[in-house]
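The sequence lines fix the lettering, A, B, ..., with proteins before strands; numbering per chain opens at 1.
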Number of protein chains: 2
Amino acid sequence: MITTDVAADFDLKNYLTTQGAEVEAALEQSLTVVYPETIYESMRYSLMAGGKRLRPILCLATCELVGGTLAQAMPTACALEMVHTMSLIHDDLPAMDNDDYRRGQLTNHKVYGDDVAILAGDALLAYAFEFIADRTEGVPPKAVLEVIRRLGRAVGAAGLVGGQIVDLASEGNPDTSIETLNFIHMHKTAALLEVSVVAGAVLAGADTDTVERLSRYANNIGLAFQIVDDVLDITSTQEELGKSIGKDVQAQKATYPSIWGLDESRKQADTLIQAAKDELSPLGPSQQPLVAIADYIIARTH
Amino acid sequence: MITTDVAADFDLKNYLTTQGAEVEAALEQSLTVVYPETIYESMRYSLMAGGKRLRPILCLATCELVGGTLAQAMPTACALEMVHTMSLIHDDLPAMDNDDYRRGQLTNHKVYGDDVAILAGDALLAYAFEFIADRTEGVPPKAVLEVIRRLGRAVGAAGLVGGQIVDLASEGNPDTSIETLNFIHMHKTAALLEVSVVAGAVLAGADTDTVERLSRYANNIGLAFQIVDDVLDITSTQEELGKSIGKDVQAQKATYPSIWGLDESRKQADTLIQAAKDELSPLGPSQQPLVAIADYIIARTH
């Protein structure tokens, strides 16, 4: 397979560390604490809480893949992490999933209170759009607007929020259909990954065919990512995963393994990852990071 | 006074009705209920709940004042109402002001639950930016980006959210200083009015001097609006105001009358309105709606 050869001599770990450090530095500078300090501290508390920075890294990768620069995509990369952070802060609220811990630290509302946490999410969401519009340089304004349009759609009722609504409605119903489960994860997880991947390419002036290939790549890895997550929830030890496991089973939540079983779930994830990589094959050697990221997602199950 | 003469033969009531109907029709079409219906119904429930549509009307007015068309500003006008609606939905939540009624109907979370209400606000905020980027036609992309930048800033920590944070922190403290009170209302109320007024002008290609005049006009009427609200909270009967009154006093909340007294508050509001109208005087006959709106704000006190 061409795609496998391309990725074979690519050092993903080093790539993720290098690009992750660039993102971390840009995020660090994106938000200054001024009066009224509480809101900025609360926003920074969750924004700077670590994580893989996968969405920004994907955005930077596709911008470079299409011949753009890191600088062109960095404001959008930061905005993607702001939006992702907003969704986590609101998701953790008592009115939603009611989680006390996230990435090993207290959730935003446990530190700042529910009111501040709601407002910090709102402020991060608004700032994400402001940040793209204000900071993007060296990109035609029309392309920047296209990124904003796609990001808004990925976050709103047609994207992430829509997925969360169906997820909430399916809670406690282990008979959820595979179509509903796919809807949830295509919207709750894949939509933001999709715009992360596509935005970088749009900023670099990619043609329609490339944008569509990258969109399919992203949707495939997004769904595979969720299947792998569901599998890991059953097969991993708590120590390996760094979070409480078996939570889905306890919550009587429909998952891919609960519908397909473990073996079929792994097989479906494999198929999605292969389909994702096949989309990349015409894109030349700069596809390496995206191939390696796809391989990395699936490698987690085995 | 020139400005008073300009407004004298202007039929504001008719203007607000006509422009309000245009906004209402555009909002009606802005949001279609599709699967998952709950989120769209929840968004529409609050978005279509009436109200004066003052922000959209201001946006349309300044676009026409500078020589633009209704069509150029309508997507932004709708987006402003989406953002305003988001702030009301989140503000009414139990974790915030915990209000059961708004505009004579149950608040969003009382009908749909706290989780859906949080998500409906998020979706409206994201959709506002998508809507401007997607629907604005006949405007240079650079001007559209400028509107998005200003709207993001007006809603986030440097605007509305920042005002709410200070407001929350001042609760139960009747000794709040006039500087803090001004900060709260310049951010919580005036910032969104300011971008409403300025956005219409930016979309129509206004020069910097006009944008700055309109910005000062908006900040002045925004603060006057709040002072008048505080005065009415004390002087009106519940029937006249259509909402529960004396709420500020009960909540031991600092207000303009609690610091200045009623007479001085009215005087300060008058001064702000006059200053607002003075900013408009070089702008020619199409300033009429803005002058009349300024007069209308102050007329409510007497």
Honestly, the part of B:A169 sitting under 4.5 Å from a heavy atom of chain A is neither
Applying a strict 4.5 Å limit to non-hydrogen atoms, the region of A:I132 in contact with chain B is neither
Closest non-hydrogen contact found for B:D122 with A:D122 is OD1-OD1, 3.6 Å
Max heavy-atom pairs within cutoff under 4.5 Å with chain A, candidates B:D91, B:T136, B:V83, B:V144, goes to B:V144
Max heavy-atom pairs within cutoff under 4.5 Å with chain A, candidates B:K142, B:R135, B:M43, B:H109, goes to B:K142
Okay, A:F131 and chain B: the region with an atom under 4.5 Å from a heavy atom over there is neither
Taking a cut-off of under 4.5 angstrom between non-hydrogen atoms, the residues of residues 111-121 of chain A near chain B are A:D114, A:D115, A:V116, A:I118, A:L119
Here the gap from B:D134 atom CG to A:R150 atom CZ, rounded to the nearest 0.5 Å, amounts to 11.0 Å
Looking only at B:L168, B:V161, B:V155, the option with the highest number of non-hydrogen pairs under 4.5 Å against chain A is B:V161
Most contact-rich option vs chain B, by heavy-atom pairs under 4.5 angstrom, among A:A154, A:P94, A:P141, is A:P141
Closest non-hydrogen contact found for B:A123 with A:A157 is CB-N, 3.8 Å
Turns out that what part of A:Y40 lies under 4.5 Å from chain B's heavy atoms comes down to side chain
In this structure, are over 12 heavy atoms from other groups packed under 6.0 Å from A:R149 atom CZ?
-> yes
Under 4.5 Å to a heavy atom of chain A? For B:L160 that would be neither
The interface call for A:A128 against chain B, heavy-atom contacts under 4.5 Å, is neither
Interatomic distance, CG@A:L151 vs CZ@B:F129, rounded to 0.5 Å, equals 10.0 Å
Pairs under 3.5 angstrom only: tabulate donor-acceptor contacts from the side chains of residues 25-38 of chain A to other protein residues two or more places apart or in another chain.
from	atom 1	to	atom 2	distance (Å)
A:E28	OE1	A:R44	NH2	3.2
A:E28	OE2	A:R44	NH2	2.7
A:S30	OG	A:L27	O	2.7

A:H90 and B:H90 aromatic ring geometry - parallel, tilted or perpendicular at 30°/60° bounds | perpendicular
Okay, B:L145 and chain A: the region with an atom under 4.5 Å from a heavy atom over there is both
Note: vs chain A, highest number of non-hydrogen pairs under 4.5 angstrom among B:S42, B:A133, B:P140 is B:A133
